[in-house]
Amino acid sequence: GQSLEQPSEVTAVEGAIVQINCTYQTSGFYGLSWYQQHDGGAPTFLSYNALDGLEETGRFSSFLSRSDSYGYLLLQELQMKDSASYFCAGSSPGKLIFGQGTELSVKP
Amino acid sequence: DTAVSQTPKYLVTQMGNDKSIKCEQNLGHDTMYWYKQDSKKFLKIMFSYNNKELIINETVPNRFSPKSPDKAHLNLHINSLELGDSAVYFCASSQDRSRDYEQYFGPGTRLTVT
């Protein structure tokens, strides 16, 4: 089957760095995406890794290691507005398979 | 301009009723999707369409019937609603099937079945 595992909750303070891990079990994924969802809002695309290594987009970076079936999202210089749920998602032909989401709480 | 829009935003109805949710995207994308997000925030693919053609049906009960009159619209009709159908339904689109990793989501429709 296809499944992705993430921690359910992470707490950090403003200005800190936080890493949200994602491990997956599937042979069919050809890349890993990350989405952010604020309470009551829609998921929004953050980043995508098709190849092993680090992708950087401003304060957010994402990493993928295919050999370890593992990826992470790194958020730097945390701000209160970063409090949200973060989902990793595996790309399978014609669809995304989402992890169960990690709720990030940023404290002052 | 809203990229992906859905109507209605809220839908409260009784068991056994039939209801529809409409979705439109003005991004010129070829591929559209329906997702169901349950109370634990688990987001699950239901259907995907490419240029009006169904390409993914994730073992959804046949009470759910999607319809794509053109590639900018993907509607979802639900027959004989059940309590377990209560959830937030999101429509999404991507440029095409090869860019399914980058999807643009609508605001969601919160369906409550009583």
Side-chain angles (χ1 to χ4, degrees), chain A residues 1-10 20 22 24 26 28-51 55 57 60 62-64 66 71 73 83-105, chain B residues 2-7 9-10 21 23 25 27 29-51 53-60 66 68 74 87-110:
Chain A
Q2 300 174 319
S3 66
L4 300 97
E5 298 287 328
Q6 308 176 230
S8 57
E9 297 178 333
V10 171
I20 299 173
C22 175
Y24 58 90
T26 182
F29 287 166
Y30 52 81
L32 197 68
S33 297
W34 288 91
Y35 284 77
Q36 178 192 61
Q37 185 180 26
H38 285 100
D39 267 351
T44 55
F45 173 77
L46 290 177
S47 69
Y48 174 65
N49 293 72
L51 304 173
E55 292 281 341
T57 312
F60 295 179
S62 57
F63 173 82
L64 177 65
R66 289 177 176 280
L73 180 70
S83 292
S85 293
Y86 292 84
F87 295 86
C88 60
S91 294
S92 188
K95 63 185 179 184
L96 283 176
I97 306 295
F98 282 84
Q100 74 269 35
T102 298
E103 189 166 342
L104 171 64
S105 297
Chain B
T2 305
V4 182
S5 59
Q6 293 179 229
T7 53
K9 190 163 174 62
Y10 299 96
I21 307 172
C23 177
Q25 53 94 4
L27 297 167
H29 287 173
D30 286 347
T31 312
M32 295 184 72
Y33 312 81
W34 277 111
Y35 289 88
K36 178 180 180 180
Q37 187 169 46
D38 62 24
S39 57
K40 295 184 179 175
K41 294 192 176 180
F42 183 56
L43 202 58
K44 184 168 167 52
I45 181 74
M46 299 173 69
F47 302 102
S48 67
Y49 270 72
N50 189 67
N51 270 319
E53 185 182 331
L54 178 68
I55 54 172
I56 298 283
N57 179 342
E58 285 289 295
T59 60
V60 178
S68 183
L74 180 61
V88 181
Y89 291 84
F90 286 100
C91 175
S93 71
S94 64
Q95 185 174 321
D96 51 49
R97 291 176 68 172
S98 68
R99 291 184 67 92
D100 56 12
Y101 55 86
E102 183 177 352
Q103 295 185 17
Y104 294 79
F105 283 75
T109 296
R110 183 173 293 276

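Every chain is numbered from 1, with letters handed out A, B, ... down the list of sequences.
Contacts of B:Tyr101 with chain A are made by both backbone and side-chain atoms, with heavy-atom separations under 4.5 Å. Contacts between B:Tyr35 and chain A at a heavy-atom distance below 4.5 Å involve the side chain alone, from C-beta outward. Contact annotation for A:Ser92: only backbone heavy atoms (N, CA, C, O) come within less than 4.5 Å of a heavy atom of chain B. There is no contact between B:Thr31 and chain A, counting heavy-atom distances below 4.5 Å. Heavy-atom distances place the side chain of A:Ser85, and not its backbone, under 4.5 Å from chain B.
Ranked by heavy-atom pairs shorter than 4.5 Å toward chain A, the options B:Arg110, B:Arg97, B:Lys44, B:Glu58 are led by B:Glu58. Residue with the most contacts toward chain B among A:Gly99, A:Gly31, A:Ser47, A:Ser33: A:Ser33 (heavy-atom pairs, distance under 4.5 Å). Looking only at heavy-atom pairs under 4.5 Å with chain B, the residue among A:Ser91, A:Ala50, A:Gly101, A:Gly94 that has the most is A:Gly94. Contact count against chain A (heavy-atom pairs under 4.5 Å) is highest for B:Asp100 among B:Asp100, B:Ile56, B:Asp96.
Residue B:Asn50 holds its CG atom at 5.0 Å from CD1 of B:Ile55, rounded to the nearest 0.5 Å. To the nearest 0.5 angstrom, A:Phe29 atom CZ is 8.5 Å from A:Cys88 atom SG. Going from atom CD of A:Glu103 over to atom CD of A:Gln37 covers 10.5 Å, rounded to the nearest 0.5 Å. Within the model, atoms CD1 of A:Ile97 and CG of A:Leu32 stand 12.0 Å from one another, a figure rounded to the nearest 0.5 Å.
Closest approach of B:Ser93 and B:His29 over heavy atoms only: OG-ND1, 2.8 Å. Heavy atoms only, all atoms of each residue included: B:Ser94 and B:Tyr33 are closest at OG-OH, 2.7 Å.
Side chains of A:Trp34 and A:Ile20 form a contact here, defined as non-hydrogen atoms less than 4.5 Å apart.
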